[in-house]
Trainee: 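Here you go, one structure.
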2 protein chains.
Amino acid sequence: MTTAPIDRRQRRRQETIEEVLDVAAAIMAEQGAAGLSLGEIARRMGIRPPSLYVYFPSKHAVYDALFARGAQSLLDVIQDADRTDLEKLTTFDAFLLGAAGVFVRWSVEHPAYSQLLFWRPVPGFAPSPEAYRPAVELLGLTTQRFADLQHRGLVRRDVPPEQVTRDWTVLSSGVTSQQPSNAPDESFDTGRFVQALPDLVAMFARYYSEPRSTAARGRASRADQR
Amino acid sequence: MTTAPIDRRQRRRQETIEEVLDVAAAIMAEQGAAGLSLGEIARRMGIRPPSLYVYFPSKHAVYDALFARGAQSLLDVIQDADRTDLEKLTTFDAFLLGAAGVFVRWSVEHPAYSQLLFWRPVPGFAPSPEAYRPAVELLGLTTQRFADLQHRGLVRRDVPPEQVTRDWTVLSSGVTSQQPSNAPDESFDTGRFVQALPDLVAMFARYYSEPRSTAARGRASRADQR
DNA sequence: GTCTATATGACGATAGAC
DNA sequence: GTCTATCGTCATATAGAC
């Protein structure tokens, strides 16, 4: 009899927190990540700015929750694609192009989140370790993916998977950094930098894939170098 | 007799404008591009905030001048390196690594400027065409460079130079976007993403260089001898 | 012409009434 | 849990001293 109202109150509180974040994400999408203001959140919710402090101790706490939300959303999208579409793609090129497409599409369609996640547009704000955790998990997932591909003989064996991941993130973030700043109104399908993906993936694949027709020669020459 | 005081006054005014921009750039370097405030500029200059409006009609005008300054500084650095160091490098790989190094070094050592130039951290601010002009000129310069390398037989002839430039800027901006957001305290020499440059350049060069085993080798070596 | 003094409204944040 | 009142700071604007 005493726990039921508490649960309901906590559920109601959680719903309000979610509503704050929904409204905040909408404002960020319109004004840019640094254009968020507590007054505007309160205005759209029909309350006064001080009432927001019941749910968040500061504006940075709102940013931190948004960061965690964005990172989790991206991780979900990647993991979901990993389990469905990408599982079917057997060649190195096809898998890479599919994975890059999923990542870049999310970034282009959530420019405010990707601005908050990958750049540092808000002065004085840095994500907490908890908010950063899904991003670290995504990095580990990517490295594990490349290690798997290496074991399956699709990736060169003479480089650590961490290096492959590092260069892969540079390529991906290069596209997601050029597209919104140079041509923010282009969609995923029409974006001129998004259209660079097939070439960039082919470039990456040619460099890091295990040479097929010359596999024996490649191993022999690398062995000779020792 | 009447022009002399006017010239001196205009020179004094120009000096004040330069001082405003010096101070503003220092604040941006400390606080991030969006952390600039007119009050802080005035405080450091020992004047009152309204006095700044004598030299700049708005805060966005200060940002616009900073954008123009940063773009011009980058263009100067690239053009200078183009005329001196890079002129000596004859192979495709060596030239690319040198050019990428100059660009990335400038970006890492001027994080606030590069944030303002390549991302859109300030809500509501977009550079004017005049401020953007050096950036356009740099893009044209880069495309011209790749067209030259194509004529000298060092770059594949089956792709337009604009495509080579597009993929080149993705690589470069990928490094300059990852380095300050993921490891802002690392220098040009220790930066883990800066250290990816040799691999990324080799990847790019292997994809876009004219295959050596064809007749292009004769043309390339003749061009190198000039 | 250039500055100081002053005013306005928005911002993030806090204290306390109900 | 939401409000009003308030604080200090911000960008911006105008009036007026010199």
Side-chain angles (χ1 to χ4, degrees), chain A residues 4-21 23-24 26-28 30-67 116 121-126, chain B residues 1-21 23-28 30-67 116 121-126:
Chain A
I6 292 176
D7 285 356
R8 208 171 57 212
R9 195 153 48 213
Q10 283 184 345
R11 200 177 60 239
R12 176 87 173 83
R13 179 184 169 84
Q14 195 56 41
E15 283 172 5
T16 307
I17 288 177
E18 296 298 328
E19 190 190 344
V20 170
L21 295 178
V23 172
I27 297 171
M28 276 208 313
E30 295 170 21
Q31 315 278 340
L36 184 64
S37 88
L38 297 182
E40 184 62 23
I41 297 176
R43 205 170 296 122
R44 297 192 185 192
M45 288 181 69
I47 61 174
R48 302 289 155 190
S51 301
L52 292 170
Y53 283 83
V54 174
Y55 307 100
F56 294 95
S58 71
K59 190 186 179 186
H60 276 21
V62 178
Y63 274 125
D64 207 52
L66 287 168
F67 191 102
L116 185 64
V122 182
F125 169 71
Chain B
M1 296 291 276
T2 54
T3 55
I6 293 175
D7 285 355
R8 204 172 59 213
R9 197 151 47 212
Q10 283 184 344
R11 200 177 60 238
R12 177 89 172 83
R13 178 183 170 84
Q14 194 56 39
E15 283 172 4
T16 307
I17 287 177
E18 296 298 328
E19 190 190 344
V20 170
L21 295 178
V23 172
I27 297 171
M28 277 209 312
E30 294 170 20
Q31 314 277 341
L36 185 63
S37 89
L38 297 182
E40 184 61 24
I41 297 176
R43 202 170 297 122
R44 297 192 185 193
M45 289 181 68
I47 61 174
R48 304 288 158 189
S51 300
L52 292 170
Y53 283 82
V54 174
Y55 308 100
F56 294 95
S58 71
K59 191 185 180 185
H60 276 21
V62 177
Y63 274 123
D64 208 53
L66 287 169
F67 191 101
L116 186 63
V122 183
F125 169 70

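In the text below, chain A, chain B and the rest are named by the order of the sequence lines, each starting its count at 1.
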Trainee: Just checking A:Arg43: base, sugar-phosphate only, or nothing, at a heavy-atom cut-off of under 4.0 Å?
Mentor: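 The answer is sugar-phosphate, as A:Arg43 gets under 4.0 Å only of primed atoms, P, OP1 or OP2.
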Trainee: Assign B:Ser37 to base, sugar-phosphate, or nothing according to its heavy-atom contacts below 4.0 angstrom with the strands shown.
Mentor: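 Here B:Ser37 touches the backbone only, sparing every base.
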Trainee: Side-chain donor-acceptor contacts of residues 30-37 of chain B below 3.5 Å, not counting sequence neighbours, with atom names and distances?
Mentor:
residue	atom	partner	partner atom	Å
B:Glu30	OE1	B:Arg44	NH2	2.9
B:Glu30	OE2	B:Arg44	NH1	3.2
B:Ser37	OG	B:Glu40	N	3.1

Trainee: Which residue lies toward the 5' end of DNA chain C, A:Tyr53 or B:Ser51, if each is placed at its nearest nucleotide?
Mentor: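 The residue mapped nearer the 5' terminus is B:Ser51.
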Trainee: Regarding A:Tyr55, tell me which of base, sugar-phosphate or nothing describes its non-hydrogen contacts under 4.0 Å with the strands shown.
Mentor: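 Counting heavy atoms under 4.0 Å across all strands, the contact made by A:Tyr55 is with sugar-phosphate only.
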Trainee: So A:Phe125 and A:Val62, side-chain contact (heavy atoms from CB on, under 4.5 Å) or not? Walk me through it.
Mentor: CA-CA 11 Å; A:Phe125 169 71; A:Val62 178; over 6 Å; no
Trainee: For the residue pair A:Thr16 and A:Tyr55, what are the closest heavy atoms and their distance?
Mentor: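 Shortest heavy-atom separation between A:Thr16 and A:Tyr55 comes out as CG2-CZ, 3.4 Å.
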Trainee: Can you see whether A:Gln14 engages A:Gln10 through a side-chain donor-acceptor pair at a distance of less than 3.5 angstrom?
Mentor: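 A:Gln10 and A:Gln14 do not have a side-chain donor-acceptor pair below 3.5 Å.
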Trainee: Taking NE2 from A:His60 and C1' from C:dA13, how many angstroms apart are they, rounded to a whole number?
Mentor: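 Rounded to the whole Å, the gap is 13 Å.
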Trainee: Of all heavy-atom pairs between B:Leu38 and B:Leu52, which one has the smallest distance, and what is that distance?
Mentor: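 Residues B:Leu38 and B:Leu52, closest heavy atoms: O-CD1, 3.3 Å.
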Trainee: For A:Pro49, report the nucleic acid contact type (base, sugar-phosphate, nothing); a contact means any heavy atom under 4.0 Å.
Mentor: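 The answer is nothing, as A:Pro49 stays clear of every strand by at least 4.0 Å.
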Trainee: Given atom CZ of B:Arg48 and atom P of C:dA7, what is their separation to the nearest angstrom?
Mentor: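 My rounded result for the distance is 15 Å.
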Trainee: So where does chain B start and stop touching DNA chain D, 5' to 3', when the test is distance under 4.0 Å to a non-hydrogen atom?
Mentor: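 Footprint of chain B along DNA chain D, 5' to 3': D:dC10 to D:dT14.
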Trainee: If I compare all heavy atoms of B:Ala42 with all of B:Pro49, which pair ends up nearest, and what's the gap?
Mentor: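 Smallest interatomic distance, heavy atoms only, reads CB-N, 3.5 Å.
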Trainee: Using a cut-off of 4.0 Å on non-hydrogen atoms, how would the nucleic acid contact of A:Leu52 be classed: base, sugar-phosphate, or nothing?
Mentor: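 Nothing: the residue A:Leu52, judged by heavy atoms under 4.0 Å, touches no strand.
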Trainee: Measure the distance from NZ on A:Lys59 to P on C:dC11 and round it to the nearest whole Å.
Mentor: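 My rounded result for the distance is 9 Å.
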